[in-house]
> 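A single structure is presented below for examination.
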Amino acid sequence: MTTLEQTKIRFWGGLRTIGGTIVTVEYKDSRVVFDFGLKYDPSTNFFDGQLKLRTTSIVKDYLRLGMIPKIDGLYSEQDLAGEEGVVPAELDKRETAVIISHIHLDHIGAMGTIAPEIPVYLTSDSLKLYRALDTVGEGVPGNRNYQSCDYEQSFNVGEITITPIPVDHDTLGACAFHIQTPDGSILYSGDLRLHGKYPERIEQMIEKAKERSFDVLIMEGTTLNSVEVHREPLVPSKELPENLLTETLIPSKMVSVLEEANGIGCFNIYNRNIDRLEGILEAGKNSKRTVVFEPETAYLVSSFLPESEFAIFLSSGTKEEMKNGKLLEWKKALFERYETLDAVQINESPSRYFMQNSYEHTMEIFDLNVENGVYIHSNGVPLGDFDPSYQNLKNFLKRIGIDHVLVGTSGHAIPNHLQYILDELDPDFLIPLHSFHPERLIPRRGRQVLPEYGVTYVLKNHELTIQ
Ligand SMILES: [Zn+2]
Ligand SMILES: [Zn+2]
């Protein structure tokens with residue numbers, strides 16, 4: 001037996017960070033890479049909003065900043081432009097494919113850097129959403145084609161078989177992957193939660209994964225806190241604690257906040273959460289307020305919730321674009337179809353509106369009458385204290401005199417739910433990652449493996465060992 005005839009697993013990112021998970025699974029001349037995002041940490045991010053990305057040398061620059069790993073056979077010769085220590089895709093004889101569990105930036109942020117001849121697979125829901133985001137200028141750097149795959153439809157990369165299984169997460173199209181080689185199989189959870197709109201998807205994923213059987217579970221643990229804070233072992237439970245706001249309860253919570261305000265309602269969301277967009281529309285309807293979206297989000301709503309009624313905000317910047325004939329085609333089409341409102345019109349009766357205000361458009365609030373108004377922060381950036389921009393937003397809202405109210409919920413399972421999902425899956429080998437404290441996730445029967453970078457793990461005859 002040569003060492004080639006084994007399944008080799010290597011970890012390149014995301015072991016002790018939130019996101020930036022990059023894992024390779026290799027069997028003979030076949031290789032699968034999942035996911036391909038950038039780690040999420042606004043306080044240490046090189047691109048702080050001021051530093052500009054050079055679109056002419058993204059791969060080289062990202063490699064030098066350590067934002068993407070030096071993986072052979074993944075980047076094109078042209079993009080590497082002589083960068084040493086990495087074999088270009090053109091010179092690598094392996095058959096490689098990249099598979100993406102969902103389209104959050106910590107999972108897709110660097111997918112545009114991959115050589116054009118290497119297929120990058122997204123579920124068809126993810127791809128549809130990605131294309132819409134790309135249209136409105138919210139795609140990732142780099143320009144390439146993407147391939148689609150479908151839930152429960154297995155496909156092959158050489159001798160490796162991949163099956164996407166849907167999960168619930170706070171973005172459309174999220175999936176887990178079942179990855180099978182002749183040596184055994186791996187289940188990669190992607191990001192998931194049990195308090196979303198579709199908890200049954202998690203139960204079904206557990207069932208489907210067990211039907212297919214697997215040896216190694218690679219699972220996210222975003223919500224795990226340090227042992228100093230919580231010394232108790234995690235209790236496996238799928239109960240929803242009373243203080244946990246579910247995706248389904250968000251609209252009614254927003255309605256009660258809006259009913260207390262006699263002025264305008266503003267909201268800040270992450271627009272690729274289509275369930276949340278639906279929730280916003282529901283909150284608008286039940287509080288008898290017209291929902292006003294920024295054009296980019298309006299485009300997503302018109303694509304994914306086409307029956308909805310809403311208006312589009314005309315900022316002074318957009319009006320300028322119209323005046324100068326610089327309005328982009330997608331905006332033009334949108335403005336023909338939906339009602340548009342500017343600040344003057346909204347100020348005639350602010351309490352009739354529930355209006356989007358993204359962090360980057362915070363200055364638009366200056367044009368609005370915010371007396372007795374409320375700013376509902378619902379998981380839009382900046383997400384929290386760990387982001388230096390968060391204090392900036394708080395200062396701004398305080399200065400302008402509008403109440404800042406948090407009504408949101410995470411896309412990640414709470415610790416007890418993680419333990420429940422893990423216990424139900426009951427793997428022989430567990431590799432927790434996408435977490436600051438992966439060691440807290442302990443399987444009830446199988447072995448916990450906390451991998452290291454630069455080490456090759458071998459799956460042979462359904463056993464996981466270090467090479
Ligand atoms: Zn993530
Ligand atoms: Zn995610």
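Since this is a predicted model, take the numbers as computed values, not measurements. Positions are given from 1, in the same order as the sequence printed here. In each ligand, atom 1 is the first atom listed, and ligand 1 is the first ligand listed.
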> May I ask you to check whether His195 and Thr409 show a side-chain donor-acceptor distance below 3.5 Å?
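Checked: His195/Thr409 side chains pair up, N/O donor to acceptor below 3.5 Å.
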> With respect to the Zn ion (ligand 1), what is the nearest N, O or S atom of Asp191?
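Of all N, O or S atoms in Asp191, the Zn ion (ligand 1) lies closest to OD2.
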> Could you tell me if the side chain of Phe293 sits less than 4.5 Å from the side chain of Tyr338, heavy atoms only?
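A side-chain contact under 4.5 Å is absent here.
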> Looking at His104 versus Tyr270, is the centre-to-centre ring distance below 6.0 Å?
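That pair passes the under 6.0 Å test.
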> Under 2.8 Å from the Zn ion (ligand 1), is there any N, O or S atom belonging to His412?
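Short answer: no, not a single N, O or S atom is under the cut-off.
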> Decide if the gap between the ring center of Tyr130 and the ring center of Tyr146 is smaller than 6.0 angstrom.
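Yes.
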> So which N/O/S atom does Asp106 have closest to the Zn ion (ligand 1)?
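The Zn ion (ligand 1) is closest to the Asp106 atom OD2, counting only N, O or S.
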> Between the Zn ion (ligand 1) and Glu220, is there an N, O or S atom separated by less than 2.8 Å?
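No.
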> Compute the angle centred on the Zn ion (ligand 2) spanning NE2 of His169 and NE2 of His102, and express it rounded to 10 degrees.
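The two atoms subtend 100° at the Zn ion (ligand 2).
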> Specify whether an N/O/S atom of His104 falls short of 2.8 Å from the Zn ion (ligand 1).
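His104 does not place any N, O or S atom closer than 2.8 Å to the Zn ion (ligand 1).
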> Within the 3.5 Å criterion, strictly below it, is a donor on Thr24 or Arg10 matched to an acceptor on the partner's side chain?
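No pair is found: no donor N or O on one side chain lies under 3.5 Å from an acceptor on the other.
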> If the Zn ion (ligand 1) is the vertex, what is the angle to NE2 of His434 and NE2 of His107, rounded to 10 degrees?
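Seen from the Zn ion (ligand 1), NE2 and NE2 are separated by roughly 100°.
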> Report the C-alpha separation of Asp170 and Arg193 in whole Å, then their side-chain angles, then the decisive distance to 0.1 Å, and conclude whether the salt bridge (charged side-chain N to carboxylate O under 4.0 Å, His left out) test is met.
CA-CA 8 Å; Asp170 56 343; Arg193 62 173 173 180; 5.4 Å; no
